[in-house]
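Each remark here refers to the structure printed beneath this line.
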Amino acid sequence: MKVCVELNVSDKEFYDVMMKSLQEELNNVSKKKLELKEGLKYKKKSAQRKGIGSEITVYIKKLVPNELYVATFNTAIDHTMISYKIEALDESKIRVTYEEVYENISSQNIPAWKQKMAEKQSSKKAKKMFKEIEKFILNERNK
């Protein structure tokens, strides 16, 4: 699944908000202070899942300031890789390309229609999240 949106914010503003959000998550899941960097691995519990597949191993594969963030989320039943590619169109406008690759590794097959539905939902959610981030940044700018 791939989503591409243009936002009226700078690449630095967008990247900084993402990193701040990730650092907050790290602070919530770990008792020790973890540094957000390429190669970092940590575990967290899923809020949506119970039992098998509820423990997620997050691996930060790539972090390129103001340009790229790639991570994998692995559980006992599936693997998901996400990437955010940020392109500056000018000093206050960017194009963000979000990609999500899902792989079911459990013995239970997921029907194709269910997978398509999940991708559509995920795509809608990503677009909404980007607009919320844009709105947040613009509000912060006007303070």
Side-chain angles (χ1 to χ4, degrees), residues 1-106 110-143:
M1 188 247 338
K2 190 178 199 171
V3 172
C4 203
V5 292
E6 287 187 7
L7 303 173
N8 295 308
V9 297
S10 75
D11 51 356
K12 182 179 179 352
E13 288 171 318
F14 183 82
Y15 187 83
D16 287 351
V17 166
M18 281 185 45
M19 292 306 107
K20 187 176 181 216
S21 176
L22 272 169
Q23 188 62 59
E24 284 172 9
E25 179 180 271
L26 269 179
N27 296 344
N28 290 334
V29 299
S30 177
K31 293 183 184 9
K32 55 185 178 215
K33 182 96 170 99
L34 293 174
E35 183 191 343
L36 187 57
K37 62 181 180 184
E38 240 176 62
L40 175 70
K41 266 188 185 170
Y42 64 94
K43 291 187 185 310
K44 69 178 191 172
K45 290 276 184 206
S46 170
Q48 287 88 22
R49 292 182 180 170
K50 303 285 177 245
I52 296 173
S54 67
E55 186 174 84
I56 304 167
T57 300
V58 181
Y59 173 52
I60 312 273
K61 290 179 85 165
K62 269 209 166 302
L63 272 182
V64 180
N66 310 330
E67 284 180 35
L68 185 66
Y69 163 58
V70 181
T72 58
F73 299 82
N74 297 329
T75 73
I77 58 173
D78 56 17
H79 296 171
T80 305
M81 186 185 85
I82 62 159
S83 68
Y84 294 84
K85 185 178 172 218
I86 308 162
E87 290 174 79
L89 301 176
D90 62 38
E91 67 275 349
S92 62
K93 191 173 188 125
I94 60 171
R95 178 181 299 120
V96 180
T97 304
Y98 171 74
E99 267 189 274
E100 186 175 295
V101 179
Y102 176 83
E103 180 188 6
N104 175 26
I105 60 166
S106 77
I110 297 172
W113 66 267
K114 201 172 186 179
Q115 183 61 33
K116 283 282 177 218
M117 224 169 80
E119 283 179 14
K120 198 170 181 175
Q121 243 181 341
S122 208
S123 170
K124 222 169 148 178
K125 209 165 127 182
K127 287 176 185 170
K128 187 178 179 200
M129 177 190 68
F130 290 135
K131 285 299 174 186
E132 289 296 320
I133 292 172
E134 179 184 52
K135 198 167 133 186
F136 172 80
I137 292 169
L138 293 175
N139 283 342
E140 287 297 300
R141 217 192 261 168
N142 296 328
K143 282 186 177 177

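Just the heavy atoms: all of them, side chains too, but no hydrogens, waters or symmetry mates, feed the values below.
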Hey, does Glu35 have a side-chain heavy atom less than 4.5 Å from the side chain of Leu40?
-> no
Residues passing the salt bridge (Lys or Arg N to Asp or Glu O under 4.0 Å) test with Lys131, sequence neighbours excluded, are Glu134
Can you check whether Phe73 reaches Asp78 side chain to side chain, under 4.5 Å on heavy atoms?
-> no
What side-chain donor-acceptor pairs closer than 3.5 Å can you find for residues 7-15, not counting sequence neighbours?
unit_1, atom_1, unit_2, atom_2, d
Ser10, OG, Glu13, N, 3.0
Ser10, OG, Glu13, OE1, 3.3
Lys12, NZ, Asp16, OD2, 2.6
Glu13, OE1, Ser10, N, 2.9
Glu13, OE1, Arg141, NH2, 2.7
Glu13, OE2, Arg141, NE, 3.0
Glu13, OE2, Arg141, NH2, 3.4

Are side-chain heavy atoms of Ile137 and Ile133 found at a separation under 4.5 Å?
-> yes
Can you name the salt bridge (Lys or Arg N to Asp or Glu O under 4.0 Å) partners of Lys2, sequence neighbours left out?
-> none
Name all pairs fulfilling the salt bridge (Lys or Arg N to Asp or Glu O under 4.0 Å) condition that reach into residues 21-31, sequence neighbours left out, sorted by first residue then second.
-> Glu25-Lys44
Is there a donor-acceptor pair under 3.5 Å between the side chain of Glu38 and the backbone N or O of Leu63?
-> yes
Taking the six-membered ring for Trp, are Tyr98 and Tyr84 parallel (under 30°), tilted (30 to 60°) or perpendicular (over 60°)?
-> tilted
Sequence neighbours left out, what passes salt bridge (Lys or Arg N to Asp or Glu O under 4.0 Å) with Glu67? Give chain and number order.
-> none
Nearest heavy-atom contact between Thr75 and His79 is O-CD2, 4.1 Å
Go through the structure and list residues passing salt bridge (Lys or Arg N to Asp or Glu O under 4.0 Å) with Arg95, not counting sequence neighbours.
-> Glu6, Glu87
Got Ile82 and Tyr69 here, is their nearest side-chain heavy-atom distance under 4.5 Å?
-> yes
Would you indicate whether the side-chain heavy atoms of Ile60 and Lys37 approach each other to under 4.5 Å?
-> no
